[in-house]
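By convention in this document, chain letters (A, B, ...) are assigned in the order of the sequence lines, proteins followed by strands, and residues within each chain are numbered from 1. All figures in this text were calculated on a predicted structure; none of them were measured in a lab.
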Amino acid sequence: MAYNFKEVEEKWQKKWEDEGTFNAKDDYTLPKWFGLIEFPYPSGQGLHVGHPRSYTALDIIARKKRMQGYNVLYPIGFDAFGLPAENYAIKNHIHPKITTEQNVNHFRQQLKSLGFSFDWSREINTTDPNYYKWTQWIFIQLYKKGLAYKATMPINFCTGCKVGLANEEVVNGVCERCGSPVVQKEKSQWMLKITEYAQRLIDDLDDIDFLDKIKAQQKNWIGRSEGAEVNFKIKGTEDNLLIYTTRPDTIFGATYMVVAPEHPLIEKYKDKIENLEEVNKYKQKAATKSDFERSELNKEKTGVEIKGLKAINPVSNEEIPIWISDYVLITYGTGAIMAVPAHDERDFEFAKKFNLPIKQVIKEDINDNKERTSQEKLEIEFNALFDNPDGIEKPYTDIENGISINSGFLDGLKTKDAIKKIIDYIEENKLGERKVNYKLRDWVFSRQRYWGEPIPMIYCEDCGWVPVPEEELPLKLPDIEDYEPGENGESPLAKQTEWIKTKCPHCGKEARRETDTMPQWAGSSWYYLRYMDPHNDKEFASKEALEYWSPVDWYNGGMEHTTLHLLYSRFWHKFLYDIGKVPTKEPYQKRTSHGMILGGNGEKMSKSKGNVINPDDIVKEFGADSFRVYEMFMGPFDQTAPWSMESIRGCSKFLDRVWSMQEILVDGDTYSKEFESMMHKAIKKVTNDVEEMKFNTCVSTFMTMVNEFTKAKKINRAEYKTFLQLLNPFAPHMTEEIWSRIGEKTEIAKTLWPSYDETKTIDDEIEIPVQVNGKLKATVKVAKDVEQEEIDKIVDENEVIAKAIEGKTVVKRIYVKGKIYNIVIK
RNA sequence: GCCGAUGUGGCGGAAUUGGCAGACGCACAUGACUCAAAAUCAUGCGGGAAACCAUGUGGGUUCGAGUCCCACCAUCGGUACCA
C-alpha cells in the first residue's frame, strides 16, 4: 500500500476548491487573523522555488490558526502591471493583457498544485480596472491634499528601459531591473510627498512588530539627522550663505565653505566672481557626470575656489573662502556647508589636497569614564601639548568624548552640551535655527510606459492640472499595438492622440490627458486593503470590513522590499488614515522575512548558471507535501539556504514512513504511558515553534516521533491522530488522506488544534549530568523532584565520580534542580 | 567607512537562552533481504590508542560559556562624499 501522492494531492485539492474550505468567513464576531504574503508578479518563467518558501510558512501558520479557532484571511492575488510584460510585448507584438492572463493562469495552477490554503474567492489583480479604479482614486486623494505634485527636476533616467526611476530603483548607478546605466535627466514628473511622512514613518515603527533589521534598514533609508542651519554673511553683500551642519559646535573651526556645483549663489554673483570661467568649467564638468560617477570608489576630491567671494563666520567674524566642489550635494540640506577639516573626514581630505588651514576646536576628553591604559593617557596628553593642527593625521570626529577648545564661549564643554549651547546662541542671535534633515527623497511617481495604471489627470491650459472626476474612474488603459516608447522617452500613450484628447472637467475647454503611467509600486501599496472586501464597487473596502480585518496581523516577504514596497505602502496607509479611510495608523502589525533559496552550488539561482530549480519538476517527482516539508526543513527560515536534491529525498522518505505507520496502528483513546510525555512535549514544541517560524525544528520533532513509534512498532489511535494534526499544516494532503483512511469523518483541517498539559511534559525520572570542575564525568538517573541531600548520596555512590574526586578536596557541590550537578574540587 | 546578519562534523543544521555540544536530515560505511541492483530495514558515523581536545581567532567573567563581556578575523546583505 504505497503512497500515491499524485492521486491523493489532486483529490484533496479538488475538494478544497469545490467546497471553498479555506475561504474566510464574513462573520465579524469571530476572532480574526489576517496573514499576508507578497502577491507575485506573474512572470513568464512561472513560480520560482523562492515563492513557496514564504507561502508555505504563512500557510502553515494560517492552517494552525484556523485549527485554533480563528477566522483566517489568507488571500492571494497578482501584481501584474510591470515592465517585463511590456518588454515582451514590444519584442513579440503580443498585448501584455494576453501574456499577463496566460501567466496568471499558469501561476494559479502552480499555486494550487502546492496546496496553499488561499481564499481564492478573493483573488485580486492590479491590472483589473475594477481594482486600479481605486489605485487611481487614491492618487486623486493624494493630489487633492497636495501630496502629489508635478515637478521638473533632474530624475534618474534608465537608458535601457527609457524610463524615469525612483531613487530606490537605482542600484550602484544602474537600473535595478535591467542593469543599464542610469543618467540624470530633466523631466516633468509626478511626485509624491513621502518626505512629509518621514518622521512618522520612523516614529511609528516603535508600535509595530517588525524584525529589528527591517526597522534598522528603514530608519537608515529615511536617514534622519539633527543639526542646525546657519547663515554665513557673504562679504560685501546683504546676502547670506545658508548651510546645514550636524556639528554646529565646531563652527569656530570652519576654515572654508563649500557649495554644490548647482548652487544658485554662483549665478547670482557671477559679476563678483573673479575666476568665473574656471568656476563655470568646473560646473559643466560636474553636470555631465552621473550620480554613479560622482560617488565612484571614493574618488579624489576636486574643487575650485570662488575668488572674489568671501564668507564671514558669524561667531568668530573671521573671513573665510568659498569653494565649489561636487562632494557637496545640491539635493541634501541647503547644498552648502561650512567645512571643518579638523573634525570631518571629507573636509579634512579636501583641505589637505588644497592646502587649506585646519583648525582644531575639539580635543579628546581624558577625564571621561572610558578606561584607558596609562600609555594611552600619555599619548593623549602628549598630543594635546603639541597644539599643532597641521600635524593632525586624521580628523577627530568622536561625538561622545570630545571637549571644545579654541571656541570662545564653548571652551571646556562636552560636545553634546556644546551643540546645545551653540544652537541656542544661533537662535537667540537670529543666525539660523535648529533643523532636522532626512535623506529620504520624494517619490518619483511617473513612468513613461504603457503597462501601468494611467495617471488620472488632465491638463487644461486655463485651469492647469485637474483630476479626472471620480465618477469617471476607472480611467481605462486604452488598447494599443505600438508599445515602443515615444520620442525623447515619452510614454507610448503620448502617441494615442484620440485618447489624449478630452475636455477639462473644470471649464469644459479642450484639454489633454496625462500620458505617463504609475510605477509598479502603486498597485501593491494598498492591495492588502482590497482583500478585506474585494468585490465592493462602491468603496475600496467597506468600513465594517476594514474595521474587522485591520491591521494585517502578519506579513511575510523579502528583504529587498524593505525600502521600496514596504515604505511606500506604509506611506499610503498613513495618508488613508489621515483622511479617515482606514482605522489604523499602520498597515502591518508584524513583518518577517524569509531567506533566499540558492542553487545547489551555493550561488544565486540564475538561468545563466544553470542552477534553477523548477517547482513543477519537484512536485511531479516528490509531491507537494515533500516539497513543502523540505522547504521548511532546509534551514532557519530567515536565512539563505542552498537547494539540495538529496535532502528533499530524505523528506520524501520521512513522509513515506508517516504513511507506513498506518500498519502499526493499535487501539487507544488516550496516549499510552510510554509516549505520553513525548506527545505533550511535541505539541508544546510545535505550537510554539510555528509561532516563532522555527519550522525546521518542527520537522525534526516529527522525524524523531516517527523514529520512536517505528522503533516501538506501534502507535495508538490517539497518538496517531495528534501526530497527524500537528503535521497537517506542513503536509496537508497526506495527513487528510490518512485521517480519512483511519475512519475519521470530519476533515482534519476542521478539527481543533491539540492541546498539551505542562505538567506532563516533564518526565518522572530524569538523567542528570554530573560534572567535576565543569567537566562531564557521568550521568545519574533520579526522580524529577529529587532534593540535594538525596542526589549527593546517589552521586557519591557512583564509581566514576568517586574515582575522579579521589584524593582531592571537595570545595563545593552545585545542584541545579533538574539540570545539572557539579562538584568543585581542589 | 557606517548599519545589520552570520561563523558549530564531509554537508544542511540542533542546543529548553548560561547547564550532557553535534538533535534531526543528507552523504558515507557495514550488515539483513535479493541471483543481482534499486528500494526498504538494522547498526555505526567530530578528532584521538587514551588521558583528553574540539563551536572563526585571542583574552576575560563563571562552579560551568557555542551562548555573556572585551579585542580581532572572515563571509554575506544593506548603504554610502547625506555635512
The Watson-Crick or G-U wobble partner of B:U79, with both key distances under 3.5 Å, is B:G1

Ranking B:G64, B:C26, B:A83 by distance to the side chain of A:Lys653, first place goes to B:C26

Of B:A83, B:C63, B:G19, the nucleotide closest to the side chain of A:Val824 is B:C63

For the residue pair A:Trp659 and A:Tyr3, categorise the inter-ring angle as parallel (less than 30°), tilted (30 to 60°) or perpendicular (more than 60°).
-> tilted

Checking B:A14, B:C20, B:C24 against the side chain of A:Thr697 (C-beta onward), the nearest is B:A14

In whole angstroms, the gap separating P of B:G25 from CZ of A:Phe622 amounts to 17 Å

Glycosidic torsion of B:G9 (syn if within 90° of 0, anti otherwise) classifies it as syn

By the Watson-Crick or G-U definition, both distances under 3.5 Å, B:G44 is matched with B:C28

A:Lys213 has its side chain closest, among B:G4, B:U79, B:G25, to B:G4

From the candidates B:A23, B:C81, B:A83, the one with an atom nearest any side-chain atom of A:Lys301 is B:C81

| Is the distance from OP1 or OP2 of B:U16 to the nearest side-chain N or O of A:Lys684 less than 4.0 Å? | no

Note: for A:Arg657 and A:Thr779 on RNA chain B, the residue whose nearest nucleotide lies more 5' is A:Thr779

Interatomic distance at P, B:U40 relative to B:A27, whole Å:
10 Å

Under a 3.5 Å limit on both distances, the Watson-Crick or wobble mate of B:A51 is none

Donor-acceptor pair under 3.5 Å: do we get one between A:Lys775's side chain and the base of B:C52? no

Is there a side-chain contact between A:Asn696 and the phosphate of B:A14, meaning an N or O under 4.0 Å from OP1 or OP2? yes

Rounded to whole Å, the CG-P distance (A:Asn707 to B:C41) equals 10 Å

note: A:Ile597, atom CD1; B:G77, atom P; distance rounded to Å ~ 17 Å

To the nearest angstrom, the CZ-C1' distance between A:Phe637 and B:G13 comes to 17 Å

Considering only heavy side-chain atoms of A:Leu776, the closest of B:C20, B:C81, B:A83 is B:C20

Assess the side chains of A:Glu38 and A:His561: does a donor N or O sit below 3.5 Å from an acceptor N or O? yes

**Message:** Looking at B:U62, I'd like to know if its phosphate oxygens (OP1 or OP2) sit under 4.0 Å from a side-chain N or O belonging to A:Asn822.
**Reply:** no

query: Do the non-hydrogen side-chain atoms of A:Val658 and A:Phe723 ever get within less than 4.5 Å of each other?
result: yes

**Asked** Are A:Lys777 and B:C52 close enough that a side-chain N or O sits under 4.0 Å from OP1 or OP2?
**Response** yes

Query - Distance below 4.0 Å between A:Tyr821 side-chain N/O and B:G19 OP1 or OP2 - result: no

Which of B:G13, B:C3, B:G25 is nearest the side chain of A:Pro636? It is B:G13

Exercise. List the steps, then state whether ring-ring contact (aromatic ring centres under 6.0 Å, His included) holds for A:Phe695 with A:Phe633.
Key: CA-CA 7 Å; A:Phe695 305 109; A:Phe633 184 59; over 10 Å; no

Using Watson-Crick geometry (N1-N3 plus N6-O4 or O6-N4) or G-U wobble (N1-O2, O6-N3), each under 3.5 Å, B:A38 is paired with none

Expected label for B:U61 (glycosidic angle, syn inside 90° of 0, else anti) would be anti

From CD of A:Glu603 across to P of B:G77 the rounded distance in Å is 12 Å

Result for 5'-nearest mapping on RNA chain B, choosing between A:Ala216 and A:Gln639, is A:Ala216

Winner on side-chain proximity to A:Ile820, out of B:C24, B:C20, B:C26, is B:C20

Measuring only the C1' atom in each nucleotide, how far is B:U55 from B:G66? A whole number of Å is fine.
5 Å

Among B:C24, B:G19, B:C3, the one nearest any side-chain atom of A:Thr704 is B:C24

Taking atom C1' in both B:G46 and B:A21, compute the distance separating them and give it to the nearest angstrom.
10 Å

One should read off an interatomic distance between A:Lys714 NZ and A:Phe709 CZ, to the nearest 0.5 angstrom, of 10.5 Å

Contact under 4.0 Å: A:Lys694 side-chain N or O vs B:A15 OP1/OP2:
yes

Exercise. Would you indicate what A:Thr562 reaches in the nucleic acid, counting non-hydrogen atoms under 4.0 angstrom: base, sugar-phosphate, or nothing?
Key: nothing

Regarding A:Asp638, tell me which of base, sugar-phosphate or nothing describes its non-hydrogen contacts under 4.0 Å with the strands shown. nothing

OP1 or OP2 of B:C76 under 4.0 Å from side-chain N/O of A:Thr640
no

Side chain to side chain, A:Phe232 and A:Ile251, heavy atoms closer than 4.5 Å: yes

Say you pick atom C1' in B:G9 and the same atom in B:G56; how far apart are they, in whole Å? 15 Å

Taken to the nearest whole Å, CG/A:Asp398 to P/B:C2 is 12 Å

P-based separation of B:A38 from B:A29 [nearest Å]
11 Å

- prompt: Looking only at atom C1', what distance separates B:G64 and B:C72, rounded to whole Å?
  reply: 26 Å

Next item on the list: Report yes if the side chains of A:Glu646 and A:Ser644 come closer than 4.5 Å at any heavy-atom pair, otherwise no.
Entry: yes

Any strand, both distances under 3.5 Å, Watson-Crick or G-U wobble: B:U17 pairs with none

Answer for the Watson-Crick or wobble partner of B:A71, both distances under 3.5 Å, is B:U57

Using the P atom as the reference point in each nucleotide, state the distance between B:A42 and B:C24 in Å, no decimals. 13 Å

query: How about A:Thr195 and A:Asp442: does a side-chain donor come under 3.5 Å of a side-chain acceptor?
result: yes

task = Please report the C-alpha distance between A:Glu349 and A:Lys301 in whole Å, then the side-chain angles of each, then the deciding distance to 0.1 Å, and finally whether the salt bridge (charged side-chain N to carboxylate O under 4.0 Å, His left out) criterion is met.
result = CA-CA 7 Å; A:Glu349 201 188 314; A:Lys301 296 268 182 298; 3.5 Å; yes

Original post:
For atom C1', what is the distance between B:U8 and B:U75, given to the nearest Å?
Top reply: 15 Å

To the nearest angstrom, the NZ-P distance between A:Lys819 and B:C63 comes to 18 Å

Of the listed B:A83, B:G12, B:C24, the closest approach to the A:Pro642 side chain comes from B:G12

